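Structure, as structure tokens:
Just so you know, these numbers come straight off a predicted model, no measurement behind them. Note that these values count all heavy atoms, side chains included, but never hydrogens, waters or copies made by symmetry.
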Amino acid sequence: MYKFFAYLNRMKYINRWGLMHSNMTENIMEHSQQVAVVAHALATISNVYFGGKLDANSIAVKALFHETSEVLTGDLPTPIKYFNPEIRDAYKKLEKYSNERLLTHLPRELAAEYAKIIDDNDSVEHRFVKYADKICAYIKCLDEVKMSNSEFSKAEKTIMEEIRAYNSPEVDYFVEHFIDAYKLTLDELEE
């Protein structure tokens, strides 16, 4: 009996934004799906408008699996994760250990294939997943602020500054052409 996919099924129990009051909970399973959609969009934007040669489908799959380690570690809030270099490096080692442990719950041949997905931390594809992850954090802030939750006001500004600092034409294009729609109500979307 192999337990890898059963572990991944538990992603729905790991909530994000643990240090902040949220009007809507967000778990890492739904977050990963949103990141996959945005990462796919960023790669497609790169290919269509900026001469990229990215595999948008591969990037979307890597985004779906980008939080797998958290089924064993839980979600450590960003301010803690990046508090200092020692904590950041220790957490990176913990994430690596968690992913390695998860891979032991697959047949060896499948583990080798899934390792290519979840152990990728240095490729261009990984960079696009990181861009999408940050954009999705910003979208979460927009959702919360839209519901009058001032808890996310500062994070909204800080995260947008980080997004702008990427100096990525794909990210800039997404922000310019798609982000404002996230601020609309359902009725406004249908106009």
Side-chain angles (χ1 to χ4, degrees), residues 1-22 24-40 42-43 58-141 144 151-152 154-156 158-159 161-163 165-166 168 171:
M1 175 174 54
Y2 295 100
K3 303 172 186 172
F4 180 80
F5 297 107
Y7 267 116
L8 295 189
N9 189 53
R10 301 186 70 76
M11 291 172 74
K12 63 189 167 205
Y13 303 126
I14 312 292
N15 289 329
R16 293 172 44 84
W17 304 94
L19 294 178
M20 298 174 77
H21 166 73
S22 295
M24 296 183 315
T25 59
E26 176 185 51
N27 65 54
I28 63 172
M29 184 180 276
E30 59 198 2
H31 164 72
S32 295
Q33 187 273 343
Q34 184 183 39
V35 173
V37 169
V38 173
H40 188 277
L42 293 174
S58 176
I59 290 171
V61 169
K62 288 181 180 187
L64 283 172
F65 286 85
H66 84 283
E67 301 284 20
T68 55
S69 66
E70 292 187 5
V71 297
L72 297 177
T73 67
D75 179 49
L76 188 63
T78 298
I80 296 168
K81 195 183 301 186
Y82 298 105
F83 180 74
N84 64 37
E86 293 82 20
I87 292 174
R88 182 199 62 222
D89 293 347
Y91 192 72
K92 292 283 181 203
K93 287 179 185 173
L94 182 59
E95 286 179 319
K96 183 173 175 39
Y97 171 79
S98 176
N99 281 332
E100 288 170 356
R101 184 165 167 226
L102 283 170
L103 290 170
T104 67
H105 295 288
L106 283 168
R108 188 175 357 101
E109 300 82 7
L110 287 179
E113 292 302 312
Y114 281 92
K116 296 173 192 173
I117 297 168
I118 67 174
D119 284 340
D120 175 21
N121 292 316
D122 300 314
S123 71
V124 171
E125 291 182 332
H126 178 73
R127 188 171 73 234
F128 275 75
V129 172
K130 294 307 276 180
Y131 291 161
D133 196 30
K134 190 65 71 174
I135 289 169
C136 292
Y138 180 73
I139 292 167
K140 168 64 173 171
C141 293
E144 291 290 335
E151 182 88 8
F152 283 80
K154 186 172 189 296
E156 176 189 359
T158 302
I159 292 170
E161 289 170 9
E162 294 171 9
I163 289 170
Y166 286 144
S168 160
V171 170

Whether the side chain of [X] engages the backbone of [Y] through a donor-acceptor N/O pair (distance < 3.5 Å, no angle test) should be reported.
| X | Y | answer |
| --- | --- | --- |
| Thr158 | Lys154 | yes |
| His66 | Ala63 | yes |
| Ser168 | Val171 | yes |

Say you draw a straight line from [atom1] of [X] to [atom2] of [Y]; how long is it, rounded to the nearest 0.5 Å?
| X | Y | atom1 | atom2 | value |
| --- | --- | --- | --- | --- |
| Ser69 | Glu100 | OG | CD | 11.5 Å |
| Ile163 | Tyr131 | CD1 | OH | 11.5 Å |
| Glu70 | Asp75 | CD | CG | 4.5 Å |
| Arg16 | Cys136 | CZ | SG | 8.5 Å |
| Glu151 | His21 | CD | NE2 | 7.5 Å |
| Glu161 | Tyr138 | CD | OH | 11.0 Å |

Quiz item: How are the rings of Phe4 and Phe65 set to each other: parallel, tilted or perpendicular (split at 30° and 60°)?
Solution: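 Aromatic pair Phe4/Phe65 classed parallel.
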
With a 4.5 Å cut-off on side-chain heavy atoms, are [Y] and [X] touching?
| X | Y | result |
| --- | --- | --- |
| Lys130 | His126 | yes |
| Lys92 | Glu95 | yes |
| Lys134 | Tyr166 | yes |
| His40 | Val37 | no |
| Glu67 | Asp133 | yes |
| Phe128 | Ser123 | no |
| Ile28 | Asn15 | no |

Practice problem: Mind running side chain to side chain contact (heavy atoms under 4.5 Å, CB included) on Lys96 and Tyr91 for me, showing each step along the way? | Solution: CA-CA 9 Å; Lys96 183 173 175 39; Tyr91 192 72; over 6 Å; no

Quiz item: Ile87: what forms a side chain to side chain contact (heavy atoms under 4.5 Å, CB included) with it, not counting sequence neighbours?
Solution: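 Here the qualifying residues are Phe83, Asn84.
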
Practice problem: Return the set of residues passing side chain to side chain contact (heavy atoms under 4.5 Å, CB included) with Glu30 (not counting sequence neighbours), or none when no residue passes. | Solution: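 Partners of Glu30 under the side chain to side chain contact (heavy atoms under 4.5 Å, CB included) test: Glu26, Asn27.
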
Mind listing the closest non-hydrogen atom pair of [X] and [Y] along with its distance?
| X | Y | result |
| --- | --- | --- |
| Val129 | Ala39 | CA-CB, 4.4 Å |
| Leu8 | Met29 | O-CE, 3.7 Å |
| Tyr2 | His105 | CB-O, 3.2 Å |

Exercise. Output, in order, the C-alpha distance, side-chain angles, deciding distance and verdict of side chain to side chain contact (heavy atoms under 4.5 Å, CB included) for Ile135 and Leu42.
Key: CA-CA 10 Å; Ile135 289 169; Leu42 293 174; 4.0 Å; yes

Self-check item: is_close_aromatic(Phe5, Tyr114), centroid dist under 6.0 Å
Solution: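 Ring centres of Tyr114 and Phe5 closer than 6.0 Å.
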
Quiz item: How would you list, by chain and number, every residue that makes a side-chain hydrogen bond (donor to acceptor under 3.5 Å, both in side chains) with Lys12, sequence neighbours excluded?
Solution: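 Testing Lys12 for side-chain hydrogen bond (donor to acceptor under 3.5 Å, both in side chains), a comparison that skips the adjacent residues, returns Asn9.
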
Self-check item: Check against side chain to side chain contact (heavy atoms under 4.5 Å, CB included), Glu156 and Glu144
Solution: CA-CA 9 Å; Glu156 176 189 359; Glu144 291 290 335; over 6 Å; no

